Amino acid sequence: MNLHLATIAVIATNVLISLKGFNDVVFFDRYKFAIGPIRSGQKDRIITSGFLHVDVSHLFMNMFTLYFFADVVINWFGWERFIIIYFISLIAGSLLALFFHKDEPYYSAVGASGAVTGILYAAILLQPDMRLGIMFIPIPIPAYLLGLAYMLYSIYGMKKRLGNIGHTAHFGGAIGGYVTTLVFKPELFTSDPFMVFILAVPIVLLFILEKLGKI
């Protein structure tokens, strides 16, 4: 795969900032997503937290996912709209986390999960016939099944509070990528209504579970 310069730039930025965070606890603590400091006025954390990661495996997983899906979005929309979707998804992820955890002053999280999930959702909406080969699974699986599995894992992660990872941001990012893609390409409502519907299911499920007090 020939990566676009914009994809390389986003991955490089994540790697460099994450490496700084791995080696500098003060830096990590200052720029991570944290409810208390954000509500006290440090709004920059809404964006900066999206470039920090817990460890190398967390960073690799997000960048590996971005590697597969970023250039699909760029090929359809151009690099400028790719960047717009990336940042809208990042911000939407942080805002949803702020909404869900507003009464938890000590809640904190990091990761590009929101932005990456937004790109993943955009790519699947644009090219739903994609198939991906997964290690130990001999048959390529439809990309939308991977997207749904990723979101269901996020629900599990939110419920179990797994690690210092922004699982809630996955959903905000998905909403950001989903809505922005449909704004840029509204004809998807008529050309592929099934995919528009199926990718909305985990988003709706999240809010149902939240209303029922299950999250």
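What you are looking at is a predicted structure, and each value in this text was computed from that prediction instead of being measured.
Counting only distance, with no hydrogens or angles, the side chain of R45 and the backbone of I38 share no donor-acceptor pair below 3.5 Å.
L19 is linked by a side chain to side chain contact (heavy atoms under 4.5 Å, CB included) to V15, F22, counting only residues two or more places apart in sequence or in another chain. V179 pairs by the side chain to side chain contact (heavy atoms under 4.5 Å, CB included) definition with I175, V183, not counting sequence neighbours. Checked against side chain to side chain donor-acceptor pair (under 3.5 Å), K102 has no partners two or more places apart in sequence or in another chain.
Contact record, G21 with F28: O-CB, 3.7 Å, taken as the closest heavy-atom pair. Taking both residues in full, the closest heavy atoms of A143 and F69 are given as CB-CE2, 4.3 Å, listed atom of the first, atom of the second, then distance. Closest non-hydrogen pair, N14 versus G50, comes out as OD1-O, 3.3 Å. The minimum heavy-atom distance linking G177 with A122 is given by the pair O-CB, 4.3 Å. The heavy-atom pair separating P128 from Y144 by the smallest distance is O-CD2, 4.3 Å. Pairing each heavy atom of I46 with each of S94, the nearest pair is O-OG, 2.6 Å.
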Compile the donor-acceptor pairs under 3.5 Å between side chains in residues 75-82 and protein atoms, sequence neighbours left out, one pair per line.
from : atom 1 : to   : atom 2 : distance (Å)
N75  : ND2    : D71  : O      : 3.0
W76  : NE1    : Q127 : OE1    : 3.3

For residues 189-197, run the donor-acceptor check on the side chains, cut-off 3.5 Å, and write out each pair with its distance to 0.1 Å, sequence neighbours left out.
from : atom 1 : to   : atom 2 : distance (Å)
T190 : OG1    : E187 : O      : 2.9
S191 : OG     : E187 : O      : 3.1
D192 : OD1    : M195 : N      : 3.4

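Annotation for I208: hydrophobic cluster partners, listed by chain and number, are V204, L212 (ILVMFWY side-chain heavy atoms under 4.5 Å, direct or chained).
Classified by interplanar angle (parallel below 30°, tilted 30° to 60°, perpendicular above 60°), the ring pair H53/H58 is perpendicular. Relative orientation of the F33 and Y107 rings is perpendicular, given thresholds of 30° and 60° on the angle between their planes.
Using a 4.5 Å heavy-atom cutoff, the side chains of I35 and Y106 are not in contact. Using a 4.5 Å heavy-atom threshold, the side chains of Y31 and S49 count as separate. R39 places none of its side-chain heavy atoms less than 4.5 Å from the side chain of P105. Counting heavy atoms from C-beta outward, L52 and F27 have side chains that approach closer than 4.5 Å. No side-chain heavy atom of S89 sits under 4.5 Å from any side-chain heavy atom of T180. Residues Y121 and L199 have side chains in contact (heavy-atom distance under 4.5 Å, counting atoms from C-beta outward). Using a 4.5 Å heavy-atom threshold, the side chains of L59 and V54 count as separate. V72 places none of its side-chain heavy atoms less than 4.5 Å from the side chain of F68.
Residues M61 and L145 are members of separate hydrophobic clusters, defined by side-chain heavy-atom contacts under 4.5 angstrom among Ile, Leu, Val, Met, Phe, Trp and Tyr. One hydrophobic cluster holds both I11 and I84 under the rule that ILVMFWY side chains link at heavy-atom gaps under 4.5 Å. L16 and L3 are members of different hydrophobic clusters when ILVMFWY side chains are connected at heavy-atom separations under 4.5 Å.
One side chain, S113 or H170, offers a donor N or O that lies under 3.5 Å from an acceptor on the other.
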(Q) Before you tell me yes or no, could you show the steps for L206 and L96 under side chain to side chain contact (heavy atoms under 4.5 Å, CB included), namely the whole-Å CA-CA distance, both residues' side-chain angles and the distance that decides it to 0.1 Å? (A) CA-CA 11 Å; L206 170 73; L96 190 69; 4.0 Å; yes
Q | Derivation and outcome, salt bridge (Lys or Arg N to Asp or Glu O under 4.0 Å), residues R30 and D24 | A | CA-CA 10 Å; R30 169 57 186 85; D24 188 337; over 6 Å; no
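Rounded to the nearest 0.5 angstrom, T181 OG1 and I119 CD1 are separated by 7.5 Å. Taken from CD1 in I74 to CD1 in I83, the straight-line distance is 7.0 Å, to the nearest 0.5 Å. For the atom pair CG (L126) and CZ (F184), the distance works out to 10.5 Å, reported to the nearest 0.5 Å. A distance of 7.0 Å separates CD1 of I91 from CG of L95, quoted to the nearest 0.5 Å. To the nearest 0.5 Å, atom CG of residue L120 and atom CG of residue L66 are 10.0 Å apart.
The neighbour count for M130 CE, taken as heavy atoms of other residues, nucleotides or ligands under 6.0 Å away, is above 12.
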